[in-house]
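Below: the structure, in structure tokens.
Protein chains get the first letters and strands the later ones, always in sequence-line order, with residue 1 at the start of each. Hydrogens, waters and symmetry mates play no part in the numbers below; they use all other heavy atoms, side chains included.
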Protein chains: 4
Amino acid sequence: MTAAGTPPNWRDFSVPALPPLLGAALDCFVEHGYHGTAIRTVATHAGLSVPGLYHHYPSKQALLVGIAESAMADLYARSSAALREAGEDVEARFALLVECLVLVHAYRWEHAFIAASEIRSLEGPARAGHIAARDRQQKLLDDVVAEGSRLGRFATRYPKDASRAVTTMCTGVAQWYRAGGPLSPEELAARYVQICRGTVQAR
Amino acid sequence: MTAAGTPPNWRDFSVPALPPLLGAALDCFVEHGYHGTAIRTVATHAGLSVPGLYHHYPSKQALLVGIAESAMADLYARSSAALREAGEDVEARFALLVECLVLVHAYRWEHAFIAASEIRSLEGPARAGHIAARDRQQKLLDDVVAEGSRLGRFATRYPKDASRAVTTMCTGVAQWYRAGGPLSPEELAARYVQICRGTVQAR
Amino acid sequence: MTAAGTPPNWRDFSVPALPPLLGAALDCFVEHGYHGTAIRTVATHAGLSVPGLYHHYPSKQALLVGIAESAMADLYARSSAALREAGEDVEARFALLVECLVLVHAYRWEHAFIAASEIRSLEGPARAGHIAARDRQQKLLDDVVAEGSRLGRFATRYPKDASRAVTTMCTGVAQWYRAGGPLSPEELAARYVQICRGTVQAR
Amino acid sequence: MTAAGTPPNWRDFSVPALPPLLGAALDCFVEHGYHGTAIRTVATHAGLSVPGLYHHYPSKQALLVGIAESAMADLYARSSAALREAGEDVEARFALLVECLVLVHAYRWEHAFIAASEIRSLEGPARAGHIAARDRQQKLLDDVVAEGSRLGRFATRYPKDASRAVTTMCTGVAQWYRAGGPLSPEELAARYVQICRGTVQAR
DNA sequence: CATGAATGAGACTTCATTCAT
DNA sequence: AATGAATGAAGTCTCATTCAT
């Protein structure tokens with residue numbers, strides 16, 4: 001169940017993340033928000049007529065659902081791949097997972113931005129599904145930190161809080177990092193691995 | 001020039017943060033977003049008719065601006081007070097500032113949530129003003145970390161990145177912390193001071 | 001039943017035509033039309049609060065009625081006075097009536113403008129009354145022209161049409177004449193007497 | 001660049017002057033004025049829903065602009081055609097132009113009525129354009145009367161005033177002439193040619 | 001009469017969505 | 001899938017008017 005746009009190599013962000021129509025919708029939602037975006041704007045942005053858009057997606061909500069699901073699936077797939085690559089060592093697992101989180105939120109900040117700010121615009125079961133996906137994702141890091149703590153490899157007295165802090169920190173990258181700055185996503189990820197290590201090592 | 005709702009003691013959150021009408025608007029914006037909220041909903045929420053609301057605020061946008069400005073002013077006023085209390089010692093300055101950030105984002109998470117997610121809904125000069133206020137706020141922490149780093153009291157090689165990570169972490173509290181959980185805001189703040197110290201001490 | 005603002009001398013336009021409040025309303029109606037004017041605008045223009053305005057006039061409609069009635073009463077009173085001054089000679093009667101019409105529409109163009117363009121905004125019996133007043137006014141000139149025609153002093157074969165043409169011409173002054181132009185109202189009136197004579201003399 | 005609704009023969013008023021939707025708007029504006037007309041009324045009048053109307057015209061103002069522009073364009077086109085037909089003789093030019101003015105204001109009195117009474121409701125550049133069109137139209141008659149006066153064919157000492165009086169007179173037809181009266185537009189036009197001749201011949 | 005607050009009704013306009021072609 | 005036309009519902013905002021103080 002690999003999402004469209006997730007390549008086998010979790011460090012590869014060269015492929016477009018979304019089918020073009022969802023990409024257009026994503027751009028609009030980022031700029032004006034879900035409720036602030038008219039479906040006509042999305043259609044124009046995608047080079048389609050309005051009925052043409054409805055030919056592909058049955059509703060505006062479906063666009064948002066498509067984006068949210070794809071974003072969570074891509075993040076989870078990449079995270080899982082990173083953990084597989086890390087093997088059993090808990091510090092490696094922590095480092096690669098942080099690297100993965102930063103890379104995804106730097107390269108795909110728009111997805112993350114929408115996934116974070118427009119959950120409230122998801123209707124019905126889609127919202128529940130999204131929250132479940134988010135919890136499942138959070139659990140990946142929680143488990144690593146908990147294990148590192150149990151093994152005495154991480155010094156923190158508050159593994160749960162530290163884990164949440166790390167997540168928040170990496171997720172927050174989507175709110176300020178933009179391509180073209182002084183650091184590449186890879187450089188930023190390297191620094192964040194350092195910084196986050198401090199977080200779980202602090203007593 | 002103390003902002004309305006900001007008491008002399010920066011640790012005191014017992015006073016209501018906003019005039020009741022802005023409070024009602026804040027609730028609605030948090031639940032449905034700015035564009036997803038009908039002004040009628042706000043009016044009903046505030047126990048007013050629609051023109052009654054317009055008697056106090058000239059537009060929906062004015063409600064958002066009022067909230068955003070009040071949020072930033074309150075945060076800045078409390079942060080400044082915390083730094084004054086801390087005196088000259090850079091570690092104390094860092095600790096109290098982090099404590100302040102966490103307290104504000106735990107107690108006033110709705111303000112922070114809106115201030116972060118609805119910047120794009122601010123129109124014209126209000127947006128510029130908001131961004132300026134955010135930068136001014138960020139600079140408070142940047143300066144402390146830079147000074148700590150210069151003095152050799154903080155070990156981090158990336159003071160700028162660490163500072164942003166700390167900000168993101170504390171700001172992120174608004175996205176998940178809710179009253180009624182296992183930790184009080186004060187307890188959470190204490191833990192975050194620890195965790196954040198790790199961030200700036202990591203090499 | 002002389003209207004307020006109509007002095008004994010029909011050539012005298014030095015007195016204000018309307019009580020100040022109606023004057024303010026008139027200004028607004030001229031600029032934006034009846035339906036285009038908010039009653040708050042009138043109040044501000046008059047230096048009153050909104051309830052203050054309602055203390056004097058019970059409704060917006062009452063303002064319009066007051067203006068329309070005063071305008072028609074003033075015009076009729078001046079016309080009657082002019083005819084009295086002219087005595088029995090039909091050419092004198094024609095000349096003085098034309099002079100009077102031009103003077104009124106040049107000096108009080110705002111009244112005439114509103115009386116002509118906002119009849120449709122008069123509700124109920126006020127509209128009927130206004131139309132009756134207009135017909136009564138028109139009859140003054142019709143009678144003069146008819147008599148001149150009957151006596152063979154006017155050459156026109158179409159006295160009714162000529163009379164209407166003269167009325168239209170003089171009424172039309174309100175649409176273009178403004179104080180400050182090259183001609184004073186009195187000079188303009190003199191010319192119009194000439195021109196109108198041509199109208200009723202043409203065969 | 002003939003305006004829609006202006007046929008090659010300037011005496012022909014059998015074609016509808018406006019597209020049906022503008023026609024409906026014109027009816028409503030005539031009855032209640034621009035500001036007094038709800039766009040819902042126009043839509044109903046045209047057999048459309050409100051958004052259906054907006055599909056064709058982007059705003060209420062656009063309806064007014066469309067009417068005003070069409071009215072002025074039609075009048076100018078017919079006037080120009082009448083002058084072409086008249087050739088060089090200045091009295092013929094005067095006669096045909098007056099005939100044209102009367103016919104237009106008798107047949108299309110609604111257009112003229114709105115064009116005269118709702119200029120103040122035109123916003124921004126549309127108002128300037130309308131006034132320019134009106135001046136251009138006025139100049140047609142001004143030039144004829146000035147030439148006739150220069151050539152000694154018209155006796156009037158005040159050609160400018162006489163020209164304005166004629167214009168006002170003919171324009172005023174729109175305020176009182178209605179189909180179904182004792183005179184056809186053509187008969188009325190014939191009489192007005194006589195009457196107006198008197199205007200420019202009077203000394 | 002000023003102030004301040006309030007409101008039912010209704011204004012213009014936009015939106016997501018649909019249907020026939 | 002594009003085009004053009006259409007619409008029910010709902011959006012923001014304004015208006016004339018009123019009442020308590």
By ring-ring contact (aromatic ring centres under 6.0 Å, His included), which residues pair with A:Phe113, not counting sequence neighbours?
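ring-ring contact (aromatic ring centres under 6.0 Å, His included) list for A:Phe113, sorted by chain: empty.
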
State which residues pass ring-ring contact (aromatic ring centres under 6.0 Å, His included) with A:Phe13; sequence neighbours excluded, sorted by chain then number.
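ring-ring contact (aromatic ring centres under 6.0 Å, His included) list for A:Phe13, sorted by chain: A:Tyr107.
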
Please, which pairs that meet side-chain hydrogen bond (donor to acceptor under 3.5 Å, both in side chains) have at least one residue in residues 40-57 of chain D, sequence neighbours excluded?
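Passing the test, one end in residues 40-57 of chain D: no pairs.
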
Just grab all the side-chain hydrogen bond (donor to acceptor under 3.5 Å, both in side chains) pairs involving residues 13-26 of chain A, residues at least two apart or on different chains.
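side-chain hydrogen bond (donor to acceptor under 3.5 Å, both in side chains) check on residues 13-26 of chain A returns A:Asp12-A:Ser14.
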
Sugar-phosphate, base or nothing in reach of C:Gly52, heavy atoms under 4.0 Å:
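Sugar-phosphate, backbone atoms only, no base.
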
Any side-chain heavy-atom pair of B:Ile114 and B:Glu110 under 4.5 Å:
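No - every pair of side-chain heavy atoms lies 4.5 Å or more apart.
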
So, using side-chain hydrogen bond (donor to acceptor under 3.5 Å, both in side chains) as the criterion, who are the partners of B:Ser121 when residues are at least two apart?
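With sequence neighbours excluded, B:Ser121 shows a side-chain hydrogen bond (donor to acceptor under 3.5 Å, both in side chains) to B:Glu118, given in chain and number order.
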
Under the side-chain hydrogen bond (donor to acceptor under 3.5 Å, both in side chains) test, which residues partner C:Tyr34, sequence neighbours left out?
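For C:Tyr34, the residues satisfying side-chain hydrogen bond (donor to acceptor under 3.5 Å, both in side chains) (neighbours in sequence not counted) are C:Gln61.
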
Who are the side chain to side chain contact (heavy atoms under 4.5 Å, CB included) partners of D:Ala68, not counting sequence neighbours?
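So D:Ala68 forms a side chain to side chain contact (heavy atoms under 4.5 Å, CB included) with D:Leu122, D:His130.
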
Using the side chain to side chain contact (heavy atoms under 4.5 Å, CB included) criterion, which residues pair with C:Ala133? Sequence neighbours excluded.
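Checked C:Ala133 against side chain to side chain contact (heavy atoms under 4.5 Å, CB included); matches are C:Met72.
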
Quick one: on DNA chain F, does C:Gln61 or D:Leu48 contact a more 5' nucleotide (nearest heavy atom)?
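Final value for this comparison: D:Leu48.
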
Between A:His55 and F:dA2, is there a side-chain N or O to OP1/OP2 distance below 4.0 Å?
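Checking F:dA2 against A:His55, no side-chain N or O comes under 4.0 Å of OP1 or OP2.
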
Looking at B:His56, does any N or O in its side chain come under 4.0 Å of the phosphate oxygens OP1/OP2 on E:dG4?
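So the side-chain polar atoms of B:His56 never come under 4.0 Å of the phosphate oxygens OP1 or OP2 of E:dG4.
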
Strand DNA chain E as a dot-bracket string - pairs counted if Watson-Crick or G-U with both distances under 3.5 Å, | where the partner lies in another strand:
.||||||||||||||||||||

Looking only at atom C1', what distance separates F:dT21 and E:dC1, rounded to whole Å?
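My reading of the C1' atoms in F:dT21 and E:dC1 gives 13 Å.
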
Nearest-nucleotide comparison on DNA chain E, the residue closer to the 5′ end among C:Leu53 and D:Ser59
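Closest to the 5' end, via its nearest nucleotide, is C:Leu53.
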
For nucleotides 18-21 of chain F, list the nitrogen or oxygen atoms of the protein found under 3.5 Å from its nitrogen or oxygen atoms, one pair per line.
none

May I have the distance from C:Tyr57 (atom OH) to E:dC1 (atom P), rounded to whole angstrom?
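These atoms are roughly 12 Å apart.
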
Residues of residues 20-39 of chain C with any non-hydrogen atom less than 4.0 angstrom from an atom of DNA chain E: list those, numerically ordered, please.
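Going residue by residue through residues 20-39 of chain C, none turns out to have a heavy atom under 4.0 Å of DNA chain E.
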
Compare every heavy atom of C:Phe29 with every heavy atom of D:Arg120, then report the nearest pair and how far apart it is.
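Between these two residues, the closest heavy atoms are NH1-O, 3.4 Å.
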
For residues 17-27 of chain D, dump all side-chain donor-acceptor pairs below 3.5 Å to protein atoms at least two apart in sequence or in another chain.
none

